[in-house]
Amino acid sequence: MAVNNSQLTEMFERVLALSKVDNTQSVAVLKSHYSDARTVQAATDAALRLGAKVYIVELPSFNHPRAMGNDMTAYCGDTALTGNLAAQRALEAADLIVDTMMLLHSPEQEQILKTGTRILLAVEPPEVLARMLPNEEDKARVLAAAAVLEKARIMTVKSSAGSDFRAPLGQYPTVTEYGYADEPGRWDHWPSGFLFTWPNEEQAEGVLVLDVGDILLPFKSYARERITLEIEKGFVTQIHGGFEAEYLRDYMRYFNDPEVYGISHIGWGLQPRAQWTAMGLHDKNDGMCMDARAFYGNFLFSTGPNTEVGGTRKTPCHMDIALRRCDIRVDDQLVVAEGEVVAPEASRVR
Ligand SMILES: O=c1ccc(O)c[nH]1
Ligand SMILES: [Fe+2]
C-alpha cells in the first residue's frame, strides 16, 4: 500500500500543528542522502502551509568504518553532524527541527535541545507514519503513565519465561514519546507512544529472558529460541542460549567497548496502533521499526548509551529489545500484567 503525497503533507500539517508550528515559527528540515524525499517534501510543504519560515539543512553522508547494516540505531553517537559546528548553529537557530536523518543518542542532539529548539524525528516509511498518526489521546495516555513512573523508586520485571529484573530509579528523568514536539526543548519521535527512564547507574540487577517472539533491534529479528541475560551492577555480564545468544554476544563483543553492556532505557509500550507482527512484513532497510518499540504492553529495554539523559556512556552499540508477556511493576503498582496494560487507568486504551 502507499500513502500519496497529498495525504502525507496533510498528516505532516496535523503533526506540525500539534508541535505548535505557526507563522511565528522557523522550521529546519534536516536531511541526508538516505532521507525519504517524500517525507522531506511533505514536511517542507506542511510547515509552509502553516505559515512558518522553512529551511533545509542537508549534511553529506557519514559512514563510520566499524558501522554494520543500514539501521539508523545500529551505530549511535557519531553522526553527519558531529564536529560540524556551523551546521549545528544553523539547526539551533530553528524553533523546530524535523529530523529525517537521525540525531538520536548523539551529544549534539542534547546540545541543540538545550537551546530550546524542539526536534521531531521522522524516519519511518510514510505508511508507518500514517498507521501511527499521533493524537492527543496518545499524549494523555503516555503522560498518565509518566506521572506514575517519574515518582517511582524501583521498576521490577518478571515473566513466566523466567525474567526477574530489578532497577532502582530516581537518578534519571522519565522520557515520554507521544509523537509530536510541542514544548520548548522537547524531542519526540513520530511514530511512537511509549515511555522510559534509565536505571540508577550500576544498580540494575537480575535476569532478563528473551522468549520466543521477543524482538531484537537493530537485528530486526524475532527470537526463535530463548536468550538469557544476566545483569549485575547495571551491566549485562552473561548472555546464555543457543545460536541467537552467540550472535548477540558476538555482535556486542565486536564493538570492543565495555560500555555496550550497560543497561540503557527501560520502559513499556502504550501504542495500540503499533503491531508486534509489523516487523515481519517490512524489509530491514525500510526504517527502524518503531512498531517493536511502541507496541501496547511491551517491556522495552535497551543497552548502551545514556547521553540522552546527561550520562557519560557514549557507546555506538545500542540494542533495543522488546519483550512480550511481562509483569512490570513500578514501586508496588502493577502497570503491565503479562503484556496487558493494567494501570494507571488513564494510560489504558478504552
Ligand atoms: O524512538 C526511539 C527510537 C530509538 C530509541 O532507541 C529510542 N526511542
Ligand atoms: Fe533505544
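In this text, all values refer to a predicted model and were calculated from it rather than measured experimentally.
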Is there a donor-acceptor contact under 3.5 Å linking the side chains of [X] and [Y]?
X: D45; Y: T9; answer: no
X: S26; Y: D95; answer: yes
X: T237; Y: E232; answer: yes
X: T176; Y: R186; answer: yes

Legend entry - Worked check of side-chain contact (heavy atoms from CB on, under 4.5 Å) between W268 and V330: CA-CA 11 Å; W268 65 99; V330 172; 3.8 Å; yes

Polar side-chain atom of [X] near backbone of [Y] as donor-acceptor pair, under 3.5 Å:
X: E124; Y: C289; value: yes
X: D164; Y: V207; value: no
X: E244; Y: R224; value: yes
X: D283; Y: N285; value: no
X: S19; Y: D182; value: no
X: S192; Y: G179; value: yes
X: T117; Y: A94; value: yes
X: D22; Y: T24; value: yes
X: R293; Y: M288; value: yes
X: R14; Y: N135; value: no

What heavy-atom pair brings [X] and [Y] nearest, and what distance separates the two atoms?
X: A181; Y: R118; answer: O-NE, 3.0 Å
X: L334; Y: A343; answer: O-CB, 3.5 Å
X: G287; Y: D71; answer: O-OD2, 3.8 Å
X: K284; Y: K220; answer: O-NZ, 2.9 Å
X: N306; Y: T312; answer: OD1-N, 3.2 Å
X: T197; Y: P173; answer: OG1-O, 2.8 Å

Is any side-chain heavy atom of [X] closer than 4.5 Å to a side-chain heavy atom of [Y]?
X: Y172; Y: E201; answer: yes
X: F62; Y: M101; answer: no
X: I97; Y: W187; answer: no
X: D138; Y: R273; answer: yes
X: L96; Y: K20; answer: no
X: R348; Y: Y296; answer: yes
X: F255; Y: Y261; answer: no
X: M102; Y: T73; answer: yes

Quick one: pull up [atom1] in [X] and [atom2] in [Y] and give me the separation to the nearest 0.5 Å.
X: S160; Y: D327; atom1: OG; atom2: CG; value: 8.0 Å
X: E246; Y: I227; atom1: CD; atom2: CD1; value: 11.5 Å
X: N70; Y: D286; atom1: CG; atom2: CG; value: 11.5 Å
X: F12; Y: T39; atom1: CZ; atom2: OG1; value: 5.5 Å
X: D99; Y: L91; atom1: CG; atom2: CG; value: 8.5 Å
X: I321; Y: L208; atom1: CD1; atom2: CG; value: 8.5 Å

Legend entry - Over-ring placement of R66 relative to Y254, 6.0 Å and 45° cut-offs: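 Geometry flag: set, cation within 6.0 Å and 45°.
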
Inset, instruction - Cation-pi check, R313 to F235: give yes when NZ or CZ is under 6.0 Å from the six-membered ring centre and within 45° of the ring axis, no otherwise. - result: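 Yes, R313 sits over the ring of F235.
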
Legend entry - Evaluation steps, side-chain contact (heavy atoms from CB on, under 4.5 Å), between L323 and S159: CA-CA 9 Å; L323 275 61; S159 72; 5.8 Å; no

Exceeds 12 heavy-atom contacts within 6.0 angstrom, atom [atom1] of [X]:
X: R166; atom1: CZ; answer: yes
X: E10; atom1: CD; answer: no
X: E338; atom1: CD; answer: no
X: D332; atom1: CG; answer: no

Using the rule that two of Ile, Leu, Val, Met, Phe, Trp, Tyr join whenever any of their side-chain heavy atoms come within less than 4.5 Å, decide whether [X] and [Y] are in one cluster.
X: M279; Y: F299; value: no
X: I239; Y: F243; value: yes
X: Y247; Y: L229; value: yes
X: I328; Y: V142; value: yes
X: V40; Y: V123; value: no

Inset, instruction - For H265, check ring-ring contact (aromatic ring centres under 6.0 Å, His included) against everything at least two apart and list the hits. - result: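 If we apply the ring-ring contact (aromatic ring centres under 6.0 Å, His included) test to H265, skipping adjacent residues, the hits are F196, W198, H318.
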
Check this for me, if you would: do [X] and [Y] make a salt bridge, where the nitrogen-to-carboxylate-oxygen distance has to be below 4.0 angstrom?
X: E92; Y: R89; result: yes
X: D214; Y: R226; result: no
X: R38; Y: E127; result: yes
X: E136; Y: K139; result: no

Inset, instruction - Would you please test K31 and E58 for salt bridge (charged side-chain N to carboxylate O under 4.0 Å, His left out) and show each step? - result: CA-CA 5 Å; K31 64 177 283 197; E58 174 155 10; 3.5 Å; yes

Legend entry - Residue among L16, L120, V54, V98 satisfying side-chain contact (heavy atoms from CB on, under 4.5 Å) with V21: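 Of L16, L120, V54, V98, side-chain contact (heavy atoms from CB on, under 4.5 Å) with V21 is met by L16 alone.
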
Legend entry - Result of checking M155, E150, K151 against L169 for side-chain contact (heavy atoms from CB on, under 4.5 Å):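 It is M155; the other options fail the test.
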
Legend entry - Verdict with reasoning, S106 to T82, per side-chain contact (heavy atoms from CB on, under 4.5 Å): CA-CA 8 Å; S106 75; T82 304; 5.7 Å; no

Legend entry - Candidate pair I154 and D331, rule side-chain contact (heavy atoms from CB on, under 4.5 Å), full reasoning: CA-CA 5 Å; I154 190 163; D331 290 342; 3.8 Å; yes

Legend entry - Ring centroid separation F219 to Y251 under 6.0 Å: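 Here the rings of Y251 and F219 have centres that are less than 6.0 Å from each other.
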
Inset, instruction - Please work out whether the ring planes of Y222 and W276 are parallel, tilted or perpendicular, with thresholds of 30° and 60°. - result: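 Plane angle over 60°, so perpendicular.
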
